[in-house]
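One structure below.
The figures that follow rest on heavy atoms only: side chains count, while hydrogens, waters and symmetry mates do not. Order of the sequence lines fixes the chain letters, A, B, ..., with proteins taken first and strands second; residue numbering starts at 1 for each chain.
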Number of protein chains: 2
Amino acid sequence: MMTVMPRRRTQEERREETRARLLRATVEALRDQGLTRMTTPDIARRAGVSRGALTYHFASREDLLVDSIAWLLDQATAGLRKLCDAYPAPTMPIEALVDYLWDMMAGGLFQVTMEFLPEARHNAPFRERLLPVVREFHAALDASWTRLSAVAGIPREEAQVSLNATMCLIRGMIAQNVLRNDPAYYAAMLDWWKRQLRGWLGQDAGGAARPLPAPILAAFAVAEPPRQRLVRERARRQAGGG
Amino acid sequence: MMTVMPRRRTQEERREETRARLLRATVEALRDQGLTRMTTPDIARRAGVSRGALTYHFASREDLLVDSIAWLLDQATAGLRKLCDAYPAPTMPIEALVDYLWDMMAGGLFQVTMEFLPEARHNAPFRERLLPVVREFHAALDASWTRLSAVAGIPREEAQVSLNATMCLIRGMIAQNVLRNDPAYYAAMLDWWKRQLRGWLGQDAGGAARPLPAPILAAFAVAEPPRQRLVRERARRQAGGG
DNA sequence: ACAAACAAACACGCAAGCCTGTTCTTACGG
DNA sequence: CCGTAAGAACAGGCTTGCGTGTTTGTTTGT
């Protein structure tokens, strides 16, 4: 209302911008409020458009959700490829990649994933729509790791085990973080893990001082989510359930 | 209706039985349908009591949920202690404990956990009520592992790192399982992990043939959830969003 | 002019919480 | 030993809030 009055965008521009705003807003709502508290009116508010615009571009809440997740994983995939390109083939230290993966996952990617995994578990059509999306992401992940291990002369299969274990470990750590907020604990475990990886992948112990590129997902810069207070929290009897 | 007409239970018995039925039904609903699809009418139906009985014993859905999770973790804790008692101190092979943890977590415990973790993340009071409950569980976990490692002469801190890593790995594997159902993949990773643990904990490679006690949580015998079709799945326009 | 893009109000379903009424258990008096 | 009253345990209907999907109306671009 009464802003700079945007000059005559083309239809395609209008369309794409609105959709992009909605996708981004959806991911943010998903991260900040969780899937159950994420409502379409709130998404529209965040995106700065009306709810009507939302329903015009996305037939259902679930459609919007799927597209948002795809968008998020595309961002992450792009970031991975960028990281690979940033390092000439033989120079990427394993620590750099692990740290990057951690920042990426703990920086919001896996928090968001934890929001929709239960839904995927109980909603078969939704799950099916997600499968190709996550497969593409994991392919990019695998490519990074394989390239790194190929330089070290590690057999592909062995390398994949260590990658998969690394990812699972990170997932488990982030899950635990919900009920155990203890940064030092996770930092120590991650360091320990990197030492193990060094051993398996045969890189010597003198890793670079990890010149990490800033996380690609600027939207997820906050490690600890805002934990905004609940809108829907209602007054409850104070009786403790007995 | 015309069943054997239960004979004059005492008030306490009535109370405890109904509460127990509700707690168990809640956990089952949580596992089979997920937190969002889990409704109090359905829980009452599963438990074979009326919804009025449910609201009489539990002031709110959240109260019921908290008590159910506490009940579930108590079962798991008891199972852990039982496992420890089943093995004379120096005889428990690391494989047995890891397998037990896997069966316990993958058999339902962590699926259920994944259902309420997002809620805990966004609902501070709920999270606070959960903290002491999970702490007790982890204490039992820690006791089992420490005892095992003490026999092997491993420093407590080192042992704890390997326990925590094991648990995180298992969590991450189960999370991934939602979108990648591939038993062989997880079996291989777990075997690989057990070999690593052997090395760190200094046990020789000739482990016993793991005479695992049956999982305590009989309710979670199914590894793959029934994946029952969605009650709430509604007709949607077939238009693919956009 | 026409259609795409957006806005706002409406309608439906649903689940949680609440309230009222009924059955069972127990304590107490005869 | 029985009858009875009080309270706990249970059953079922009602109400309200809310979020989605839908529809109708308005603006912007071609």
Side-chain angles (χ1 to χ4, degrees), chain A residues 1-3 5-22 25-26 29 33-45 47-65 119 123 230-239 241-242, chain B residues 1 3 5-22 25-26 29 33-45 47-65 119 123 126 230-239 241-242:
Chain A
M1 58 271 283
M2 202 55 68
T3 40
M5 200 50 60
R7 275 289 84 76
R8 268 244 168 219
R9 294 169 298 169
T10 178
Q11 292 284 52
E12 168 124 9
E13 283 171 347
R14 283 179 77 190
R15 177 183 179 83
E16 287 315 308
E17 185 185 326
T18 303
R19 284 179 66 95
R21 293 166 71 106
L22 283 168
T26 302
Q33 314 182 270
L35 182 59
T36 59
R37 288 171 234 267
M38 179 193 90
T39 74
T40 46
D42 178 68
I43 291 173
R45 217 174 306 121
V49 303
S50 73
R51 212 180 84 84
L54 186 152
T55 67
Y56 174 77
H57 286 286
F58 300 93
S60 74
R61 184 185 117 119
E62 191 167 302
D63 285 348
L64 174 56
L65 183 59
E119 178 65 17
N123 183 337
L230 330 169
V231 182
R232 296 181 56 194
E233 187 66 16
R234 277 165 269 182
R236 294 244 152 98
R237 328 183 190 167
Q238 55 197 7
Chain B
M1 52 285 272
T3 41
M5 198 50 57
R7 275 291 84 72
R8 266 250 166 218
R9 294 169 298 169
T10 181
Q11 292 283 53
E12 169 124 11
E13 284 170 346
R14 283 181 77 188
R15 176 183 180 82
E16 287 314 310
E17 185 186 325
T18 302
R19 285 179 65 96
R21 294 166 70 109
L22 283 167
T26 302
Q33 313 182 274
L35 182 58
T36 58
R37 287 171 235 267
M38 179 192 89
T39 74
T40 48
D42 179 68
I43 291 173
R45 216 175 306 121
V49 302
S50 72
R51 215 180 83 84
L54 186 152
T55 67
Y56 174 77
H57 286 287
F58 300 94
S60 73
R61 185 184 116 117
E62 190 168 304
D63 285 348
L64 175 56
L65 183 60
E119 178 66 18
N123 182 338
F126 177 66
L230 329 169
V231 182
R232 295 183 55 195
E233 187 65 16
R234 278 164 270 180
R236 295 245 151 96
R237 326 183 192 170
Q238 52 197 11

Rounded to whole angstroms, how far apart are [atom1] on [X] and [atom2] on [N]?
X: A:L22; N: C:dC6; atom1: CG; atom2: P; answer: 9 Å
X: A:E13; N: D:dT30; atom1: CD; atom2: C1'; answer: 14 Å
X: A:L65; N: D:dG19; atom1: CG; atom2: C1'; answer: 15 Å
X: A:R21; N: C:dA5; atom1: CZ; atom2: P; answer: 16 Å
X: A:R37; N: D:dG17; atom1: CZ; atom2: P; answer: 20 Å
X: B:I43; N: C:dG17; atom1: CD1; atom2: P; answer: 11 Å
X: A:D42; N: D:dT20; atom1: CG; atom2: P; answer: 10 Å
X: A:L54; N: D:dT20; atom1: CG; atom2: C1'; answer: 11 Å

Under 3.5 Å, which protein N or O atoms sit close to an N or O of nucleotides 5-11 of chain D? Give each pair with its distance.
residue : atom : partner : partner atom : Å
D:dA9   : OP2  : B:R15   : NH1          : 3.2
D:dA9   : OP2  : B:Y56   : OH           : 2.5
D:dC10  : OP1  : B:T18   : OG1          : 2.5
D:dC10  : OP2  : B:T18   : OG1          : 3.4
D:dC10  : OP2  : B:H57   : NE2          : 2.3
D:dA11  : OP2  : B:S50   : N            : 2.6
D:dA11  : OP2  : B:S50   : OG           : 2.9
D:dA11  : O5'  : B:S50   : OG           : 3.2

Q. OP1 or OP2 of C:dA16 sitting under 4.0 Å from any side-chain N/O of B:T40?
A.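 For C:dA16, OP1 or OP2 has a side-chain N or O of B:T40 closer than 4.0 Å.
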Q: Report the residues that fulfil side chain to side chain donor-acceptor pair (under 3.5 Å) with A:T40, sequence neighbours left out, ordered by chain and then residue number.
A: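 For A:T40 the side chain to side chain donor-acceptor pair (under 3.5 Å) partners, ignoring immediate neighbours, are A:R51.
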Q) Looking at residues at least two apart in the chain, or sitting in another chain, which of them share a salt bridge (charged side-chain N to carboxylate O under 4.0 Å, His left out) with B:E17? A)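 Only B:R9, B:R21 meet the salt bridge (charged side-chain N to carboxylate O under 4.0 Å, His left out) criterion with B:E17.
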Q) With sequence neighbours left out, what residues match A:A29 under side chain to side chain contact (heavy atoms under 4.5 Å, CB included)? A)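 Result, side chain to side chain contact (heavy atoms under 4.5 Å, CB included) vs A:A29: A:Q33, A:M38, A:D42, A:I43, A:R46.
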Q: Nearest 0.5 Å please: distance from the CG atom of B:L35 over to the CD atom of A:E119.
A: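 If I round to the nearest 0.5 Å, the distance is 11.5 Å.
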Q | Non-hydrogen side-chain atoms of B:L65 and B:F126 separated by less than 4.5 Å | A |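 In short, these two side chains touch, coming nearer than 4.5 Å.
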Q.
Could you report the tightest heavy-atom contact between A:A44 and A:L54, atom names first, then the distance?
A.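 Between these two residues, the closest heavy atoms are N-CD1, 4.1 Å.
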